[in-house]
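In what follows, every chain begins at residue 1, and chains take the letters A, B, ... in the order their sequences are listed. Worth knowing before you read on, the calculation uses all heavy atoms, side chains too, and leaves out hydrogens, waters and symmetry mates.
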Amino acid sequence: FPAGTRQTKEEGMQLIQKYLENYYGFKKDGELLVWKSNNAMTQKLKEMQEFFGLEVTGKLDSATLDLVQKRRCGLPDVAG
Amino acid sequence: FSTFAGEPKWTKQVLTYRLVNYTPDLRPADVNAAIEKALSVWSSVTPLRFIKKDRGDADILISFAARGHNDFIPFDGPGGSLAHAYAPGKDFGGDAHFDEDETWTKSTEGTNLFYVAAHEFGHSLGLSHSKDPNALMYPVYRKYDPSGLLLHQDDIAGIQYLYGPSPNTNNDQRESTEIKDPTDSKNPALPNSCSPNLTFDAVTSFRGEIMFFKDKHIWRKHPAVRTADFELISSFWPQLPPGVDAAYEIPEKDEMVIFKGNEFWVVRGDTILSGYPQKLYTLGFLKDVTKIDAAFHNRNEGKTYYFIADKFWSYDKRSQSMDRKPLLIRDAFPGINGKIDAVFQHENFLYFFSGRKQFEFDLDKKRVTRFLKTNFWFPC
């Protein structure tokens with residue numbers, strides 16, 4: 001990928017990881033942050049997309065990226 | 001809507017709250033009003049009532065802080081997480097923290113404190129986040145629309161699932177100002193703020209609110225908030241006797257003076273200053289004056305007026321002298337005849353209460369400008 005796009009992609013990855021850690025109880029367990037259809041990150045991302053009524057793709061699409069940048073309450077969306 | 005795991009909720013209906021500190025983004029009075037209004041959003045649809053404390057512990061401690069702030073969830077600078085609150089319980093339970101790195105406002109710009117506080121107090125009372133994008137308990141901040149209804153049906157269903165509806169049966173979300181005082185079952189009836197026969201013992205301004213004293217209770221009303229809170233006098237000042245005669249505020253000293261019989265007390269917030277009660281004559285009255293009916297302090301004039309039967313005395317702060325003899329009320333306040341029960345000043349008007357009548361008196365025009373019902377200030 002051209003560097004610019006890759007960098008944006010990494011920033012998006014960090015944003016979504018932080019969001020899922022803060023509000024969906026995601027715990028990075030050391031595994032590399034790569035998209036595998038069944039890994040914990042993807043599951044949490046689907047949970048978040050379902051909560052907000054987004055299309056449940058498990059992928060970091062623009063609607064999801066847009067939402068994680070909005071101001072919000074600091075409390076998690078899932079019990080915990 | 002959703003609740004927290006285990007459905008924690010408060011087991012009592014009267015909750016206390018205290019502002020531990022203030023944001024520099026707004027005047028303290030605006031912060032107080034926003035917080036009070038945010039709590040009244042929830043008390044208007046449930047039996048819950050909220051009492052503001054100025055010191056000591058409280059069920060809901062409210063604070064502003066940036067980044068790490070002695071709990072396990074540090075804030076994240078401007079944007080992102082705006083605030084958080086804890087489910088009902090002891091210690092942290094119920095507390096609400098606001099991120100000082102936000103710009104707190106009372107408008108639609110920046111981050112509206114009232115709107116965020118109303119959301120956070122939903123957590124303090126036991127609600128978690130809602131998936132309904134129109135609900136107050138939806139986690140994402142939306143531009144505050146002052147013209148819109150804040151509570152959505154989803155929020156009301158959630159909070160009433162935990163606490164039941166407001167005791168006001170016609171449930172038009174109007175605040176019922178009755179607190180069923182558990183320690184007072186022998187009291188035949190609580191005063192009703194909407195009774196046409198409503199009379200008051202005393203009325204005064206108090207830190208931006210108006211306090212209406214009646215027997216053992218007070219109504220607290222912020223001019224900017226539609227609802228009134230109804231509390232026991234003893235919940236603020238346990239040593240004060242019920243059925244006071246008069247009260248007035250000295251805003252420049254942040255003091256309130258309360259009279260009963262030939263004694264008076266001076267309070268600051270919920271604290272009675274030491275050395276009180278004192279006897280009336282220490283104010284400069286003749287010893288045969290055994291009680292006063294009403295009083296107010298005119299901050300602009302620096303004068304305090306004391307009303308007894310159809311006459312009044314005035315004390316001039318500058319010359320530090322009390323009138324040598326009383327004057328007729330109707331001479332200085334044309335249209336106000338005979339004994340009054342209570343009086344207070346709001347902006348440039350005086351409001352005199354006599355039985356079931358209230359007279360608005362314009363201090364500039366020196367005349368009565370409106371005849372009002374005594375419950376004019378309540379959402380009846």
Side-chain angles (χ1 to χ4, degrees), chain A residues 4-30 33 35 40-80, chain B residues 2-8 65-67 69 71-87 92 95-99 101-104 110-112 115-124 126-144:
Chain A
T5 315
R6 194 165 78 163
Q7 186 187 344
T8 311
K9 206 164 178 62
E10 276 165 12
E11 281 167 9
M13 286 282 282
Q14 282 160 21
L15 256 180
I16 191 63
Q17 178 204 323
K18 191 75 188 142
Y19 198 91
L20 295 176
E21 284 170 353
N22 286 345
Y23 307 118
Y24 284 81
F26 169 62
K27 294 202 174 21
K28 198 178 91 181
D29 56 8
L33 281 181
W35 293 121
M41 180 102 154
T42 307
Q43 290 315 310
K44 286 297 183 184
L45 179 53
K46 285 180 177 177
E47 195 176 335
M48 175 217 159
Q49 289 172 329
E50 192 276 328
F51 183 94
F52 284 106
L54 299 170
E55 190 187 351
V56 182
T57 62
K59 289 185 172 42
L60 188 49
D61 50 47
S62 60
T64 304
L65 198 55
D66 176 52
L67 191 114
V68 299
Q69 298 176 76
K70 288 185 186 292
R71 291 178 291 170
R72 59 158 290 153
C73 172
L75 228 60
D77 294 335
V78 290
Chain B
S2 64
T3 61
F4 291 102
E7 287 188 11
R67 301 292 177 179
H69 52 280
D71 68 7
F72 308 107
I73 318 176
F75 283 127
D76 52 4
S81 166
L82 304 173
H84 53 234
Y86 292 86
F92 268 117
D95 293 358
H97 300 164
F98 296 81
D99 186 351
D101 279 334
E102 309 307 330
T103 302
W104 295 105
T111 306
N112 184 281
Y115 171 43
V116 173
H119 173 101
E120 295 309 328
F121 294 146
H123 293 318
S124 304
L127 287 182
S128 187
H129 282 143
S130 167
K131 293 181 178 177
D132 185 328
N134 298 308
L136 172 62
M137 294 314 291
Y138 188 66
V140 172
Y141 180 86
R142 283 147 301 165
K143 200 168 177 63
Y144 170 56

Per-residue tally against chain A (heavy atom, under 4.5 Å) across B:H84, B:E120, B:H123, B:E102 peaks at B:H123
Quiz item: What is the ring orientation for B:H69 with B:H97, classed by angle as parallel under 30°, tilted 30 to 60°, or perpendicular over 60°?
Solution: perpendicular
Turns out that what part of B:T111 lies under 4.5 Å from chain A's heavy atoms comes down to both
Regarding A:R71 and B:D99, does a basic nitrogen lie under 4.0 Å from an acidic carboxylate oxygen?
no
When the 4.5 angstrom heavy-atom criterion is applied to B:Y138 and chain A, the contacting part is side chain
Would you please classify the geometry between the A:F51 ring and the A:Y24 ring as parallel, tilted or perpendicular, with 30° and 60° separating the classes? perpendicular
Using 4.0 Å as the upper bound for N to carboxylate O, is an ion pair formed by B:K131 and A:E50? yes
